[in-house]
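Side chains are part of it too, since the values below use all heavy atoms of this structure and drop only hydrogens, waters and symmetry mates. Numbers for residues simply follow the sequence, beginning at 1.
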Amino acid sequence: MFFLFVFLCDAKMCAFRGKMREAALLLTHCLLVCLLLSSSQAARQGQDLRCGACRALVDEMEWAISQIDPKKMIQTGSFRINPDGSQSIREVPLARSEGNLLELMESICERMGDYGERTDPSTNRKSYVRIKSRSGEAMDLSEASLDSRVTASMKFACETIVEQHEDEIIEFFAHETDNVKDKLCSKRTDLCDHALKMTHDEL
């Protein structure tokens, strides 16, 4: 009888331990799924931020360039005399000269403080929109949020883009005038989803 009791107890204990192992495995599985989902969401939000910063940077550069008289020209090239007596000098618009573009890029990321964050309720994707009008007109802020976190994140993302893609930015703004956002932010740098259509133009 004693041995039967011990046997039954051992059987119950084994069954209990088996259920505990199953529960532990299930918990581990759930934790892994949660971590993967969290990691995926963080990666998507990081891409949304970099994409938004790139497109906002393009908007700000285009606006700054538009404020300079397009008729103003500047001489670039070498003032050295070539063997044939000529000089390798050419005139280019001041607004799109390399020197002016570099100067604009030094302060362009300060303007990220004029952007707020908007969340698409159906996809949970983030976009970044200008919430301070350059002309002083009132803007619709009902769907956008602005706080120090958004400002700091946008500024940091913008500065990183300028640092890592300085040559591409100068190349595009020196020569391109059409669809620079998609060409620079999607096709050249891959900072945005190719199929993602977002606008940051001022209202």
Side-chain angles (χ1 to χ4, degrees), residues 41-70 72 74 76 92-120 124-141 143-194 196-203:
Q41 185 176 11
R44 178 57 61 88
Q45 288 179 354
Q47 184 185 39
D48 289 347
L49 178 65
R50 290 188 295 274
C51 177
C54 182
R55 295 175 73 87
L57 183 154
V58 171
D59 276 343
E60 296 304 321
M61 288 288 290
E62 287 179 336
W63 183 83
I65 289 170
S66 73
Q67 300 307 296
I68 300 173
D69 185 352
K72 274 190 176 180
I74 187 173
T76 65
V92 298
L94 171 63
R96 295 188 179 275
S97 66
E98 183 174 340
N100 183 61
L101 294 175
L102 285 170
E103 187 176 335
L104 291 177
M105 286 162 61
E106 287 180 4
S107 60
I108 205 72
C109 294
E110 297 297 328
R111 301 182 188 180
M112 297 301 109
D114 294 339
Y115 285 77
E117 184 178 79
R118 179 181 291 166
T119 303
D120 186 321
N124 206 35
R125 295 294 297 261
K126 308 284 186 184
S127 61
Y128 298 85
V129 294
R130 175 171 265 280
I131 60 172
K132 293 181 182 178
S133 172
R134 296 187 182 101
S135 62
E137 296 176 5
M139 299 183 71
D140 180 13
L141 309 181
E143 296 181 2
S145 62
L146 174 66
D147 56 43
S148 57
R149 176 190 59 82
V150 172
T151 299
S153 297
M154 281 286 283
K155 186 171 182 290
F156 179 75
C158 175
E159 290 169 344
T160 302
I161 292 167
V162 169
E163 181 180 341
Q164 294 180 350
H165 301 287
E166 179 181 295
D167 292 341
E168 289 93 336
I169 294 170
I170 291 174
E171 176 190 339
F172 272 99
F173 283 106
H175 306 292
E176 297 278 350
T177 56
D178 298 324
N179 206 20
V180 176
K181 279 183 198 174
D182 288 334
K183 290 178 181 177
L184 177 64
C185 300
S186 293
K187 296 176 182 175
R188 176 61 68 87
T189 63
D190 204 29
L191 290 166
C192 296
D193 291 339
H194 292 291
L196 186 61
K197 300 297 180 185
M198 299 165 65
T199 59
H200 296 287
D201 299 319
E202 186 176 6
L203 300 177

**Study point:** Between CG on residue L184 and CG on residue L191, distance to nearest 0.5 Å
**Key:** 7.5 Å
**Study point:** Reported CG-to-NZ distance for the pair D48 and K126, which is rounded to 0.5 angstrom
**Key:** 8.5 Å
**Study point:** Note, M154 side chain near L49 side chain (heavy atom, < 4.5 Å)
**Key:** yes
Review point. Are K181 and D59 ion-paired here, with the side-chain N under 4.0 Å from a carboxylate O?
Key: yes
Exercise for review: Would you mind listing every disulfide (SG to SG under 2.5 Å) that reaches into residues 147-180, with sequence neighbours excluded?
Suggested key: C109-C158
Review point. Are V129 and R55 close enough, and set up right, to give a side chain to side chain contact (heavy atoms under 4.5 Å, CB included), and what steps lead you there?
Key: CA-CA 10 Å; V129 294; R55 295 175 73 87; over 6 Å; no
Practice item. Can you tell me which residue pairs pass the side-chain hydrogen bond (donor to acceptor under 3.5 Å, both in side chains) test with a partner in residues 98-107, sequence neighbours excluded? Key: none
**Study point:** Rounded distance (nearest 0.5 Å) linking atom CG of L57 with atom CZ of R50
**Key:** 15.0 Å
Check your understanding: Is it true that R149 and E117 make a salt bridge, defined as a side-chain N closer than 4.0 Å to a carboxylate O?
Key -> yes
Review point. Rounded to the nearest 0.5 Å, how far apart are CE of M61 and CD1 of I170?
Key: 8.0 Å
Exercise for review: Would you mind reporting whether L101 and I169 have side-chain heavy atoms less than 4.5 Å apart?
Suggested key: no
Review point. Okay, side chain of R188, backbone of K183: is any donor-acceptor separation there less than 3.5 Å?
Key: no
Exercise for review: Can you measure from CD1 (I161) to CZ (F156) and round to the nearest 0.5 angstrom?
Suggested key: 10.5 Å
Review point. Yes or no on disulfide bond (SG atoms under 2.5 Å apart) for C51 and C192, after CA distance, side-chain angles and deciding distance?
Key: CA-CA 5 Å; C51 177; C192 296; 2.0 Å; yes
Review point. Are the side chain of S66 and the backbone N or O of W63 linked by a donor-acceptor pair below 3.5 Å?
Key: yes
Check your understanding: Can we say R125 and D120 salt-bridge, meaning some charged N sits less than 4.0 Å from an Asp/Glu carboxylate O?
Key -> no
Point to revise | Qualifying side-chain hydrogen bond (donor to acceptor under 3.5 Å, both in side chains) pairs, either residue in residues 159-170, two or more places apart | key: K155-E159
Point to revise | For the student: nearest non-hydrogen atoms of I74 and S97, plus distance | key: CG2-CB, 3.8 Å
Practice item. Quick one: pull up OG in S186 and CG in N179 and give me the separation to the nearest 0.5 Å. Key: 9.0 Å
Practice item. Spell out, as yes or no, whether a donor-acceptor pair under 3.5 Å connects the side chain of T119 to the backbone of N124. Key: no
Practice item. Using a 4.5 Å cut-off on heavy atoms from C-beta on, say whether the side chain of Y115 contacts that of E60. Key: yes
Revision key, fill the gap. Of all heavy-atom pairs linking G113 and T151, the shortest is CA-CG2, 3.7 Å
